[in-house]
Amino acid sequence: MAAFLRFVVIFVTAAILITARCFDASAGDNDLNYGACLNLCQKTGCITDQCFKSCEFSSNRKPTDSTWYSQAPLYLQWKEWSCRSDCRYHCMLNREEERKNHDGIPLKYHGSWPFGHVLGIQEPVSAVLSTLNLAMHFHGWLSFFVFIYCKSPLKANGKTYYEYTWLWHLYAVLAVNFWLWRAAFHGIYADLTERLYYSSSVAFLGYSLLLSILRALYLKAEAARVMVAAPLIGFVTTHILFLNLVELNYMLNKVVVIVLVVLQLLICGAWVGLSHPPSRRKLLMIVAGGTIVMLLATCDFPPYKGLLDAQAVAQTIALPLTYVLWSFVRDDANVSTSTLLKKAE
């Protein structure tokens, strides 16, 4: 057991070191030529001879007010987001074409690689894979619901014997919400979808860490759960408020996400090594697969053919991991229920 625990610690530690070397959230944002193009587009709605329908102009192609975004009334905020998205996208393409002609390597802009659009979808492969992951989580949640309420014995008051039922229900809600907004963000780069994506991801990962702590330490008393949950919920809430009200900082958010994921992997790895949880092999698969997903998501590479990047590969690996996760949850519920029934006898 000690040897296995050392292996888990070494494996995750190596992943952290590799992740640290890959850290570069959005280098393209600081590119001077890209910044100049973006500023010009925000003032005029045009890049060279190309102008965008999403921006409003007078007949002489000058903005009707000081800036293009001040033209749209509040109920047309989507037009503002669409115009900003068009400016970012086409400035990024122009800059990347210049870099390609000078043998420069591709850069990330606003946390994303330059992708080719398909039918107006900005990251078509990732958008489809995010939708599939959403469906997988919903299917897993439904299978857990059927198992716990239809195939397992219930108490006289109709409640389940499994002490973590409502925690997994909340996990499923946050997971579905996260993959929904991730699919929306990959489909359309807009201020709204971007903020909802980053906020939902931090909320989902923060709660995943909380659930891992509660389950690994077998915390069942409400007081103990509140003591663990309060500081973590406070931290996650503060970070989400900072992203939405102060600054949408890609580097800071990346640090927070990596810390949350690494802590969860370490806790689950220690749980596997120090105790004997149900379906131990499934949990080990989740830890190993989760580490690979983290590495791919962090040590990202430019999209192949403008479509397939490391994020898409990570989402592909996440599909079978989601099935394994919900299978583990059902096994855990089954073993816990059987144990409690035996004690009751």
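Numbering of residues begins at 1 and proceeds along the displayed sequence.
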Ignoring hydrogens and angles, write down the donor-acceptor pairs under 3.5 Å from the side chains of residues 236-243, residues two or more places apart or on other chains.
residue: T237; atom: OG1; partner: I233; partner atom: O; Å: 2.7
residue: T238; atom: OG1; partner: G234; partner atom: O; Å: 2.7
residue: H239; atom: NE2; partner: N253; partner atom: OD1; Å: 3.0

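- The heavy-atom pair separating V287 from C268 by the smallest distance is CG2-CB, 3.6 Å.
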Run the side-chain donor-acceptor check on residues 175-188: report pairs under 3.5 Å with partners two or more places apart or on a different chain.
residue: N177; atom: OD1; partner: W181; partner atom: NE1; Å: 3.1
residue: R182; atom: NE; partner: H186; partner atom: NE2; Å: 3.2
residue: R182; atom: NH2; partner: Q311; partner atom: OE1; Å: 2.8
residue: H186; atom: ND1; partner: E123; partner atom: OE1; Å: 3.0

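- The aromatic rings of F144 and W326 lie tilted to each other, with the angle between the two planes from 30° to 60°.
- Between H169 and W141, the ring planes lie tilted relative to each other; the angle falls in the 30° to 60° range.
- Without hydrogens or angle criteria, R330 side chain to F147 main chain gives no donor-acceptor distance under 3.5 Å.
- S152 and N334 form no side-chain donor-acceptor contact under 3.5 Å, judged by distance and modelled atom types alone.
- Within the structure, the salt bridge (charged side-chain N to carboxylate O under 4.0 Å, His left out) test picks out the following pairs touching residues 153-181 (sequence neighbours left out): E163-K220.
- A disulfide is not assigned to C41 and C91, since their SG atoms are no nearer than 2.5 Å.
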| field | Full working for side chain to side chain donor-acceptor pair (under 3.5 Å) between S279 and D332 | value | CA-CA 8 Å; S279 302; D332 186 47; over 6 Å; no
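- Although no hydrogens or angles enter the test, the distance criterion places no donor-acceptor pair under 3.5 Å between the side chain of S199 and the main chain of L196.
- Rounded to the nearest 0.5 Å, atoms CD1 (I286) and CG (L325) are 4.5 Å apart.
- F235 contributes atom CZ, which lies 6.0 Å from atom CG of L260 (distance to the nearest 0.5 angstrom).
- Heavy atoms from other residues, nucleotides or ligands lying under 6.0 Å from CZ of F138 number 12 at most.
- Checked by atom type and distance alone, the side chain of Y164 never pairs as donor or acceptor with a backbone atom of A333 at under 3.5 Å.
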